[in-house]
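A, B, ... follow the sequence lines: proteins, then strands. Residue 1 opens every chain. Just so you know, these numbers use all the heavy atoms, side chains as well, and skip hydrogens, waters and symmetry mates.
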There are 2 protein chains.
Amino acid sequence: MRTSAKRKPRGTTDGGQGKRAGQGADRRAQILVAALDEFSLHGFEATRLDDVAKRAHVAKGTIYLYFKDKESLFQELLRAQIGPVIGMLEAVLAGGTKEKKPVPLRELAHRVADLFVEQVIGTRRKDIVRLILTEGPRFPKLAEFYYREVISRGLSAFRARAKRAVNEGELKSDTLVRFPHLIVAPALVSIIWKSMFDKFEPLDVKALMKAQIDILFDKEERP
Amino acid sequence: MRTSAKRKPRGTTDGGQGKRAGQGADRRAQILVAALDEFSLHGFEATRLDDVAKRAHVAKGTIYLYFKDKESLFQELLRAQIGPVIGMLEAVLAGGTKEKKPVPLRELAHRVADLFVEQVIGTRRKDIVRLILTEGPRFPKLAEFYYREVISRGLSAFRARAKRAVNEGELKSDTLVRFPHLIVAPALVSIIWKSMFDKFEPLDVKALMKAQIDILFDKEERP
DNA sequence: AAATTATGACTGACTAGTCAGTCATAGTCA
DNA sequence: TGACTATGACTGACTAGTCAGTCATAATTT
């Protein structure tokens with residue numbers, strides 16, 4: 001259809017990369033890593049697939065061999081990163097339910113906080129969470145998925161556990177049953193602070209999380 | 001390709017910018033309102049100035065009579081909306097400092113929370129805050145401005161006041177001196193919740209704020 | 001009439017997505 | 001082993017479309 005005027009004689013942008021670098025699954029991973037970099041740097045709209053390709057040392061067309069379109073790439077990136085953490089979170093929360101002599105809720109809260117500090121704040125996943133906060137309202141499907149899979153589950157698991165803590169006397173008020181959000185609040189502040197203000201005034205996330213938990217549990221003790 | 005009848009002969013890369021915005025304060029306001037709608041609906045990148053113009057019942061060119069470019073429009077919008085609230089916030093916080101018999105910090109906290117609920121959550125300004133959270137990392141100038149003018153001031157004002165509360169015995173621990181962020185945390189959660197999850201599960205922001213304050217102040221009483 | 005304000009067609013720069021063509025490697029046969 | 005063919009991963013020039021910003025001209029005000 002198109003009379004191709006001229007074909008470049010193998011215009012390899014040299015640089016020691018001239019040949020097929022990896023195969024199959026490698027490429028996918030390469031592209032996902034590059035996509036994480038670019039998306040978390042510029043957001044969904046402003047990210048150019050040309051740049052993702054460049055960063056992955058791959059031609060733009062290659063991206064379309066592994067992902068349907070820009071949006072699919074974006075969604076798969078988020079899910080791939082969030083999935084594992086949901087698993088870990090469930091493991092931690094379950095840890096407090098199965099046993100007869102249950103782990104105190106307070107201890108659970110600390111474990112969740114540690115998980116958050118290590119697996120989210122301490123990794124690129126903090127950028128993923130930011131991306132979800134940032135782009136969520138513009139991707140209703142994403143917001144809904146995230147609510148169903150993470151928020152709703154996490155909250156109700158925590159709520160159930162908090163109810164028990166109230167009945168067993170560990171908690172004096174039902175505040176945490178009504179507002180499990182309060183456990184998450186300092187985590188959100190941390191993510192936003194890290195991405196916007198940390199260079200002006202660094203924030204000790206672990207200490208912040210600990211402070212909130214201590215307050216929520218009436219400052220009984222402080223290991 | 002466009003086949004057009006005839007056109008002017010593309011010339012004069014003049015650059016003369018001799019324009020004054022003297023009278024049309026109406027137009028400016030119209031445009032700002034429309035811009036708020038579009039920006040908070042789609043974010044900075046994805047907002048089309050054509051749509052802003054349409055919504056403001058104005059031609060696109062008119063926007064450029066009142067604003068230098070898209071970014072200026074965006075920044076002025078944010079500042080115009082945030083400015084007044086900073087004023088109110090300072091007034092509230094000052095109210096606790098000038099008097100001899102000072103307002104208890106706890107009371108101040110409640111006033112700030114009310115201010116937030118009424119002036120931010122209850123208005124379009126919640127969208128503005130969201131926009132700042134969303135676009136902040138991509139506009140370093142904005143993040144810095146916001147840190148200097150709002151965050152840093154607010155935190156240190158609150159910190160000073162909290163120190164006093166510790167000395168005077170109102171607060172038993174120095175947690176709030178170290179982490180004034182904890183006052184802001186539920187506010188952030190509220191904004192994000194409202195914009196993403198409120199349709200799935202509405203959140204009572206006022207009660208959430210109150211719960212956190214009660215907890216921070218050792219649940220002494222609950223009006 | 002002159003100055004000011006408004007308009008919207010137009011341009012230039014930019015980009016998601018496509019597809020004809022390339023080539024490293026695997027498989028087949030003598 | 002060497003020659004020849006088949007495969008499909010990979011490439012990047014190209015298409016079709018978008019949109020910020022401009023400017024000649026029109027409308028309105030002074």
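Taking NZ from B:Lys210 and CD1 from B:Ile215, the interatomic distance works out to 10.5 Å, rounded to the nearest 0.5 Å. Rounding to the nearest 0.5 Å places OG1 of B:Thr134 at 8.5 Å from CD1 of A:Ile192. Distance check, rounded to the nearest 0.5 Å: CZ of A:Arg55 to CD of A:Glu38 gives 4.5 Å.
Residue pairs satisfying the side chain to side chain donor-acceptor pair (under 3.5 Å) criterion with at least one member in residues 137-148 of chain B, sequence neighbours excluded, are listed as follows: A:Glu201-B:Tyr147.
Contact annotation: B:Tyr66 reaches the phosphate of C:dA6 (side-chain N/O to OP1 or OP2, under 4.0 Å). Dashed line: the shortest gap from a side-chain N or O of B:Arg27 to OP1 or OP2 of C:dA6 is under 4.0 Å.
The distance between atom CD1 of B:Ile63 and atom P of D:dC23, rounded to the nearest whole Å, is 17 Å. What separates CG of B:Leu65 from P of C:dT7 is a distance of 9 Å, to the nearest Å. Going from atom CD1 of A:Ile31 over to atom C1' of D:dA9 covers 11 Å, rounded to whole Å.
Near DNA chain D, meaning a heavy atom under 4.0 Å away, the residues from residues 39-60 of chain B are B:Thr47, B:Arg48, B:Leu49, B:Lys60. Listed in residue order, the members of residues 67-81 of chain A having a heavy atom less than 4.0 Å from DNA chain D come to none.
Ring pair B:Phe44/B:Phe139 is perpendicular by interplanar angle, where above 60° counts as perpendicular and below 30° as parallel. Relative orientation of the B:Phe197 and B:Phe200 rings is tilted, given thresholds of 30° and 60° on the angle between their planes.
Heavy atoms of other residues, nucleotides or ligands lying less than 6.0 angstrom from NZ of B:Lys194 number more than 12.
Salt-bridge annotation for B:Glu149 and B:Arg79: absent, with no side-chain N of the basic residue lying under 4.0 Å from a carboxylate O of the acidic one.
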